[in-house]
Asker: 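This is the structure, below, for whatever I ask next.
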Amino acid sequence: MTQCKQCGGTLALANQACPSCGTSDNAGQAAASAIDSPEVRAFVGAKHDYYREKWETMARKNNQISWNWAAFFLGMFWLAYRKMYRYTALMFGLILLLVIVELIFDINTNGGNIGVAVVFGMLGNSWYREHVLKQVTLVSAVTPPGLLESELEARGSTSYGAAFGTLGGLLAVLFLIAQVLG
């Protein structure tokens, strides 16, 4: 663990952006080297090699865009599966907004839906990298070293339950909207 140069906060990974003050001295270099750390490997789980390759390519090209088919086709269900719950909630709200606009104004929002899917496909790997690095930093700061790997595995990895729960929640809300409007 190292200290932030700006505020003295604890950094789990050397030279990364500080979770306390946001200082990002050398954060790009640190993110590139941190993606292969044992902590990140434990958090991501079985697909670590896939994501490491994507993230290394992004770092080499100095580009945030890297295509992810699962994020494109599954959108918020992929986000929930990867335990990115804030992004899942944002996507959930965006889909509901599009549905409401379509129902109230009788506007076809298929173009908006496709646009959202393309954005998710292009930025999903970048969003996941940022999520992983932030969570590893936060968990590492509060977890004793002997328990760190198991805690990272528990908080990271994937969740079919979250993906199916999100599907169930979406269907329930859409059903309620149909009942209210129909």
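Residues: numbered from 1 along the sequence shown.
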Asker: Are side-chain heavy atoms of Val44 and Trp55 found at a separation under 4.5 Å?
Answerer: yes
Asker: Nearest 0.5 Å, what's the CD1-CD1 distance between Ile100 and Ile95?
Answerer: 12.0 Å
Asker: Can you sort out the partners of Arg155 under salt bridge (charged side-chain N to carboxylate O under 4.0 Å, His left out), two or more places apart, ordered by chain and number?
Answerer: Glu151
Asker: Can you list everything that forms a side chain to side chain donor-acceptor pair (under 3.5 Å) with Asn108? Sequence neighbours excluded, please.
Answerer: Asn110
Asker: Quick one: ring-ring contact (aromatic ring centres under 6.0 Å, His included) partners of Trp78, sequence neighbours excluded?
Answerer: none
Asker: Quick check: does any side chain N or O of Thr88 sit under 3.5 Å from a backbone N or O of Ala80, one acting as donor and the other as acceptor?
Answerer: yes
Asker: Using salt bridge (charged side-chain N to carboxylate O under 4.0 Å, His left out) as the criterion, list what pairs up with Glu149, not counting sequence neighbours.
Answerer: none
Asker: Taking the side chain as every heavy atom from C-beta outward, state whether Ile35 and Glu56 have any pair of such atoms under 4.5 Å apart.
Answerer: yes
Asker: Indicate, with yes or no, if Trp69 and Leu74 share a hydrophobic cluster defined by side-chain heavy-atom contacts under 4.5 Å among Ile, Leu, Val, Met, Phe, Trp and Tyr.
Answerer: yes
Asker: Nearest 0.5 angstrom please: Leu152 CG to Ser37 OG, how far?
Answerer: 8.5 Å
Asker: Please identify each residue that fulfils side chain to side chain donor-acceptor pair (under 3.5 Å) with Glu102, with sequence neighbours left out.
Answerer: Thr109
Asker: Show every ring-ring contact (aromatic ring centres under 6.0 Å, His included) that has at least one partner inside residues 84-126, sequence neighbours left out.
Answerer: Tyr87-Trp127, Phe120-Trp127
Asker: Flag the pair His48 / Asp36 as yes when at least one side-chain heavy-atom distance between them is below 4.5 Å, and no otherwise.
Answerer: yes
Asker: Could I get the full list of side chain to side chain donor-acceptor pair (under 3.5 Å) partners for Glu153, not counting sequence neighbours?
Answerer: none
Asker: Given side-chain contact (heavy atoms from CB on, under 4.5 Å), test Glu39 with Thr137 step by step and report yes or no.
Answerer: CA-CA 9 Å; Glu39 295 85 5; Thr137 299; over 6 Å; no
Asker: Can you sort out the partners of Asn62 under side-chain contact (heavy atoms from CB on, under 4.5 Å), two or more places apart, ordered by chain and number?
Answerer: none
Asker: Under 6.0 Å from the six-membered ring centre of Tyr50 and within 45° of its axis: does the NZ or CZ of Lys47 meet both?
Answerer: yes
Asker: Considering non-hydrogen atoms only, spot the tightest contact between Lys83 and Ser159 and give its length.
Answerer: CE-CB, 3.8 Å
Asker: Under 4.5 Å between side-chain heavy atoms, counting indirect links through other Ile/Leu/Val/Met/Phe/Trp/Tyr residues: same cluster for Phe175 and Val173 or not?
Answerer: no
Asker: Which residues pass the side-chain contact (heavy atoms from CB on, under 4.5 Å) test with Arg86, not counting sequence neighbours?
Answerer: Lys134
Asker: Indicate yes or no for a side-chain donor-acceptor contact from Ser126 to the backbone of Leu123 under 3.5 Å, with no hydrogens or angles considered.
Answerer: no
Asker: Who pairs with His131 by ring-ring contact (aromatic ring centres under 6.0 Å, His included), at least two apart in sequence or on another chain?
Answerer: Phe43
Asker: Run the numbers on Asn68 and Lys54 for side-chain contact (heavy atoms from CB on, under 4.5 Å), then give the verdict.
Answerer: CA-CA 9 Å; Asn68 185 309; Lys54 294 286 187 180; over 6 Å; no
Asker: I'd like to check the ring-ring contact (aromatic ring centres under 6.0 Å, His included) partners of Tyr160; sequence neighbours left out, ordered by chain and number.
Answerer: Tyr81
Asker: From Ile107 CD1 over to Leu98 CG, what is the distance, rounded to the nearest 0.5 angstrom?
Answerer: 10.5 Å
Asker: Would you indicate whether the side-chain heavy atoms of Trp67 and Asn125 approach each other to under 4.5 Å?
Answerer: no
Asker: With side chains defined as the heavy atoms from C-beta onward, is the minimum distance between Thr57 and Asn63 less than 4.5 Å?
Answerer: no
Asker: Identify whether Val99 and Leu176 are in the same connected component of the hydrophobic contact network (ILVMFWY, side-chain heavy atoms under 4.5 Å).
Answerer: no
Asker: Quick one, Leu90 with Met76, criterion side-chain contact (heavy atoms from CB on, under 4.5 Å). Give me CA distance, side-chain angles, the key distance, then yes/no.
Answerer: CA-CA 9 Å; Leu90 288 171; Met76 73 176 165; over 6 Å; no
Asker: Tell me whether Ile104 is reachable from Leu96 by hopping between hydrophobic residues (I, L, V, M, F, W, Y) whose side-chain heavy atoms are closer than 4.5 Å.
Answerer: yes
Asker: List in chain and number order the residues that pass side chain to side chain donor-acceptor pair (under 3.5 Å) with Tyr128, two or more places apart in sequence or in another chain; answer none if no residue qualifies.
Answerer: Arg82
Asker: Would you say Ile177 and Leu97 are hydrophobically clustered, going by side-chain heavy atoms of ILVMFWY under 4.5 Å?
Answerer: yes
Asker: So do Arg52 and Val40 actually touch side chain to side chain, heavy atoms under 4.5 Å?
Answerer: no
Asker: Using a 4.5 Å cut-off on heavy atoms from C-beta on, say whether the side chain of Ser140 contacts that of Leu148.
Answerer: yes
